Amino acid sequence: MDEKFKKPYDPAATEPRIYAAWEKSGYFNPDNLPGERSETYTIMMPPPNATGVLHMGHALGLTIEDILIRYNRMRGKATLWLPGTDHAAIATQSKVEKDIQKTEKKNRHDLGRNELLRRIGAFVEESRATIQGQVRVMGASCDWSREAFTLDTARNHAVNELFKRMYTAGLIYRGHRIVNWDPKGQTTISDDEIVYEERKEKFYYLKYGPFTIGTARPETKFGDKYVVMHPKDPRYAAYTDGQKIDLEWINGPITATVIKDEAVDMEFGTGVMTITPWHDVTDFEIAERHNLDKEQIIDERGKLLPVAGEFAGMKITEAREKIIEKLRTKGLVEKEEDYAHNVATAERTGGLVEPQIKLQWFIGVNRPFKIDHSEIPRIEIGSTVTLKEMMRAAVAGGGVRIVPDHFDKTYFHWIDNLRDWCISRQIWYGHRVPVWYRGEEIAVGDAPIGEGWVQDEDTLDTWFSSGAWTFSTLGWPDITGDLRRFHPTNVLETGYDILFFWIARMILMSGFALGQVPFRNVYLHGIVRDAQGRKFSKSLGNGIDPIDVAQKYGADAARMSLIVGNTPGTDFRLSEDKIKGYKHFANKLWNIARFILENTEGVKQTALTEADQVLKDEVSLLAKEVTRDMEEYRMYMAAEKIYHYTWHRLADVLIEESKPILTGTDEAVKTSRQTVLRMLLLEVLKLLHPFMPFITEEIWQSVQTDKELLIVASWPVK
RNA sequence: GGGCGAUUAGCUCAGCUGGUUAGAGCGUUCGCCUCACACGCGAAAGGUCACAGGUUCGAAUCCUGUAUCGCCCACCA
């Protein structure tokens, strides 16, 4: 027996050595795996943002993915787990800009586009190296030879090609539409990048000619010259659509036009409203329907424009009180109420989001296109569909299964309310919009030949490239061997909070580009919280760093503590005590191995006694149950069952009852018991390997000195 | 306003398609350095499964309603 078993298990000394042995073996790469492997199993790693370090959420994701990969590798599949990092456009640029502002007191315009991009590039390189190291620490058996970055050359080529094809198909268009404008970040943002904050504000009832209108935003009302009511509202039946009314307003007399539209809620306020199409989505849509004028009131910095007269140049917040003051003196304020409502703020910058009409690039989710190839259920080859229909069908038809399944309701709800997706951003870091202009001419895709072409200044929403992740990583647009072999992928594993941001967009992109779903299964994990149920945050200082923990207790212990008791789609509490508990378990396993090795050295396999055969059958039954749990994504249950068997059956009962047998005189019974104990140990090592890969591999190499690495051993159940 | 989820031992949570005395980990109490392991061993206490109805031979498990908590979505001017 190896001397190392005489000391407690030391993960810090073991884990890096084992990981190096795996990397050297080449088995992370499906092309190097031994034996015939016709069936593939693929997971694309959700690329962590290249902004910083891994947190517990990443550690959880990596653990689940690695468990699935290791299990399927042992089951004889050609497993590909492709790692990468995300350039995370807005997040990364704002982080680097903040750092530069802090240390050098310079903003992006002081540096210029090229210098800022150079700085971000350097920052990202460093971050990526850190992240790669941390992914290794967790034991992730991913194929580093295929590693990708969402903003590298190959991915840029894919993004440009995808943009071009969607443009040609009429799905990407440029237009003046209302978008979410972040005055602080000076860029458009998507609906999903908005965080709503409840604010207590005043709600004003203002006299507007013969009407009373309600508003929380008097500062937008300068240009309001349309007064809208529901066509069926009996209170306003006397007024007709298009009727002109002269009235006194903030800065003098105006002529208002009556508009009848069903978007007005008769129950709310007075049932009458004026509209500000430039700065409100509903108003914009009403204006579009009735072909009304639209006028900008607030500029890109959040200040009032000349239309505001004496208030021009003021910030909206300071203008509001003054405008109300003026309306009061004119006798136009009927009453005020306190009112709590949700204010849109930008997730990254905290800026107050102001809807604006801007010339931007969009993906039209309701535009029909002809789908030349489709493997998506309910979508016929050659049929005319919209992206929205396609996205719905992918899940409704069972092409994509979501675990836990109740999340499909949330998915449908989101799909059904989806609007056109604004994909252009006014930031510098990211894939630049692949469009060139020369006078009235426009070129899309690769840079055109010839003089005088100017490329679009904007970059693409980071989710545009993320959406292509499952196939841009496999060489698309070239139809490579990898693409044919590994796409659609098997599982996409990520947090439920990212269902819409990312999952839906991957389904969109993959459906359009390949006529395939991007993955057959989605496994959603919950948010990792602290022992009190709070989210980890820097300000609370309650974070548990996965790398610290892995160093202190071992990655195996960290992995087990993240898996046991953790059901999909549900938030999960983690404490350091729990991790410690699984460190103890690792040591228990270590001592089980020691005992069995000490007592079975040099034993030749013999026929088993009837009693020992029962023990062998018992562990086979466990293996079957564990396999069933694995197939149903119940990793939490599989892990607990193996844990329980190992400690409370193998150690507490079987080893104890073996002691007298092993010191006894009946040689046949003794060798049978020695044989079966070795078998049980090997079985446990295999079953446990996906969960605790390091210690199981380490022990395996002391038991099976002549055999292959445990990482490619075959799973006990076929 | 709409939707989703949760409510089981002191704490954190399992309990898959309803079936014998409801489970685990941690914690607690008591006794043990027993030649695999004190990162351990042996024992013990602890639950009217949120509440009220219903279906059933039988419900923590299915149905209806109520309460409390949490999350997501939404253009209510």
Side-chain angles (χ1 to χ4, degrees), chain A residues 1 5-11 178 191-192 196 203-204 206 213-218 220-221 224 227-228 263-276 279-286 339 341-342 344 355 404 406-414 416-417 419 496-497 499-500 526-527 529-533 553-554 557 560-561 564-567 569-599 625 628-629 632-634 636-637 639-641 643-644 647-648 651-652 655-656 658-659 662-663:
Chain A
M1 188 195 71
F5 285 105
K6 295 202 169 152
K7 288 185 195 147
Y9 175 62
D10 180 4
I178 195 152
D191 290 348
D192 311 300
Y196 288 94
F203 191 78
Y204 304 98
L206 306 177
I213 58 161
T215 185
R217 302 205 56 192
T220 64
K221 297 284 160 201
D224 288 11
V227 58
V228 191
V264 176
D265 183 350
M266 288 189 267
E267 306 291 311
F268 185 80
T270 55
V272 189
M273 64 178 191
T274 61
I275 57 168
T276 314
H279 301 292
D280 186 280
V281 180
T282 313
D283 296 0
F284 176 83
E285 285 169 358
I286 293 171
Y339 167 73
H341 76 146
N342 290 329
H406 69 255
F407 272 98
D408 55 11
K409 289 187 193 130
T410 320
Y411 175 83
F412 292 135
H413 186 257
W414 186 82
D416 294 340
N417 290 296
R419 298 161 187 272
Y496 66 75
D497 49 336
L499 184 64
F500 311 129
I527 298 168
R529 296 168 178 276
D530 73 4
Q532 282 85 49
Y553 303 105
M560 277 298 271
S561 67
V564 176
N566 190 350
T567 47
T570 307
D571 289 357
F572 166 78
R573 298 188 188 197
L574 181 70
S575 64
E576 203 162 322
D577 278 347
K578 185 171 180 188
I579 305 167
K580 210 190 221 165
Y582 289 103
K583 162 93 166 63
H584 295 175
F585 176 60
N587 196 53
K588 187 74 185 178
L589 181 65
W590 190 246
N591 282 290
I592 290 170
R594 173 182 171 180
F595 177 87
I596 293 178
L597 287 172
E598 272 177 341
N599 287 286
E625 277 183 38
R628 202 166 58 229
D629 287 336
E632 292 299 319
Y633 297 99
R634 292 193 296 260
Y636 59 96
M637 205 175 252
E640 197 173 343
K641 279 177 185 163
Y643 172 93
H644 194 262
W647 200 316
H648 300 299
D652 289 352
I655 285 185
E656 288 309 318
S658 297
K659 285 176 182 174
L662 295 171
T663 53

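Reminder, nothing fancy here: chain letters follow the sequence lines and each chain counts from 1. All values reported here derive from a predicted model rather than from experimental measurement.
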Please report, rounded to the nearest Å, how far the [atom2] atom of [N] is from the [atom1] atom of [X].
| X | N | atom1 | atom2 | value |
| --- | --- | --- | --- | --- |
| His648(A) | A43(B) | NE2 | P | 12 Å |
| Asn566(A) | A14(B) | CG | P | 9 Å |
| Met560(A) | C26(B) | CE | P | 12 Å |
| Ile527(A) | G5(B) | CD1 | P | 17 Å |
| Asp629(A) | U17(B) | CG | P | 13 Å |
| Tyr643(A) | A14(B) | OH | C1' | 14 Å |
| Tyr636(A) | G23(B) | OH | P | 18 Å |
| Asp530(A) | C11(B) | CG | C1' | 13 Å |

Can you sort out the partners of [X] under side chain to side chain contact (heavy atoms under 4.5 Å, CB included), two or more places apart, ordered by chain and number?
| X | answer |
| --- | --- |
| Asp497(A) | none |
| Asn587(A) | Pro8(A), Tyr9(A), Trp590(A), Asn591(A) |
| Asn599(A) | Phe595(A), Leu662(A) |
| Tyr636(A) | Thr567(A), Pro568(A), Arg634(A) |

What nucleic acid atoms does [X] come within less than 4.0 Å of, heavy atoms only: base, sugar-phosphate, or nothing?
| X | answer |
| --- | --- |
| Phe284(A) | nothing |
| Arg634(A) | base |
| Ser575(A) | nothing |

Could you tell me how far [M] sits from [N] if I compare only their [atom1] atoms? Round to whole Å.
| N | M | atom1 | answer |
| --- | --- | --- | --- |
| G19(B) | C63(B) | P | 15 Å |
| U48(B) | U66(B) | P | 26 Å |
| U28(B) | G10(B) | P | 15 Å |
| G42(B) | C33(B) | C1' | 14 Å |
| U17(B) | C4(B) | C1' | 23 Å |
| U29(B) | G46(B) | C1' | 11 Å |
| U8(B) | A60(B) | P | 15 Å |
| C11(B) | G58(B) | C1' | 33 Å |

* Asked: In dot-bracket notation, what is the pairing pattern of RNA chain B, taking Watson-Crick (N1-N3 plus N6-O4 or O6-N4) and G-U wobble (N1-O2 and O6-N3) contacts under 3.5 Å, with [ ] crossing and | for other strands?
  -> (((((((..((((.....[...)))).(((((.......))))).....(((((..]....))))))))))))....
Apply salt bridge (charged side-chain N to carboxylate O under 4.0 Å, His left out) to [X] and list each qualifying residue two or more places apart in sequence or on a separate chain.
| X | answer |
| --- | --- |
| Lys7(A) | none |
| Lys409(A) | none |
| Asp10(A) | none |
| Arg419(A) | Glu285(A) |

* Return yes if some donor-acceptor pair links the side-chain N/O of Thr663(A) with the main-chain N/O of Lys659(A) below 3.5 Å, else return no. =>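 Yes; judged by distance alone, with no hydrogens or angles, the pair exists.
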* Using the side-chain contact (heavy atoms from CB on, under 4.5 Å) rule, pick out the option among Thr282(A), Thr215(A), Thr220(A) that qualifies with Thr276(A). =>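 Option passing the side-chain contact (heavy atoms from CB on, under 4.5 Å) with Thr276(A): Thr220(A).
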* **Upstream residue (5' side of RNA chain B) when Met637(A) and Arg573(A) are each assigned their closest nucleotide** =>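 By nearest-heavy-atom nucleotide position, the 5'-most residue is Arg573(A).
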* **Nearest atoms (heavy-atom pairs only) where Ala593(A) meets Phe5(A)** =>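 Closest pair (atom of Ala593(A), atom of Phe5(A), distance): CB-CE2, 3.9 Å.
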* **Short side-chain N/O contact from Arg628(A) to OP1 or OP2 of C16(B), under 4.0 Å** =>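 It does not, given that no N or O in the side chain of Arg628(A) lies less than 4.0 Å from OP1 or OP2 of C16(B).
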* Pair listing, side chain to side chain donor-acceptor pair (under 3.5 Å) test, anchored in residues 574-583 of chain A, at least two apart ->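 Qualifying pairs, neighbours excluded: Lys552(A)-Glu576(A), Tyr553(A)-Glu576(A).
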* Reading 5' to 3' through nucleotides 35-42 of chain B, protein heavy-atom contacts under 4.0 Å coded B for base, S for sugar-phosphate only, - for none -> -BB-BSSS
* For nucleotides 70-77 of chain B, read 5' to 3', which letter fits each nucleotide if B means a protein heavy atom sits under 4.0 Å from the base, S means only the sugar-phosphate is that close, and - means neither? -> ---SBBBB
* To do: Measure up the Tyr643(A) and His648(A) rings against each other and bin them: parallel (under 30°), tilted (30 to 60°), perpendicular (over 60°).
  =>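 Geometry flag for His648(A) against Tyr643(A): perpendicular rings.
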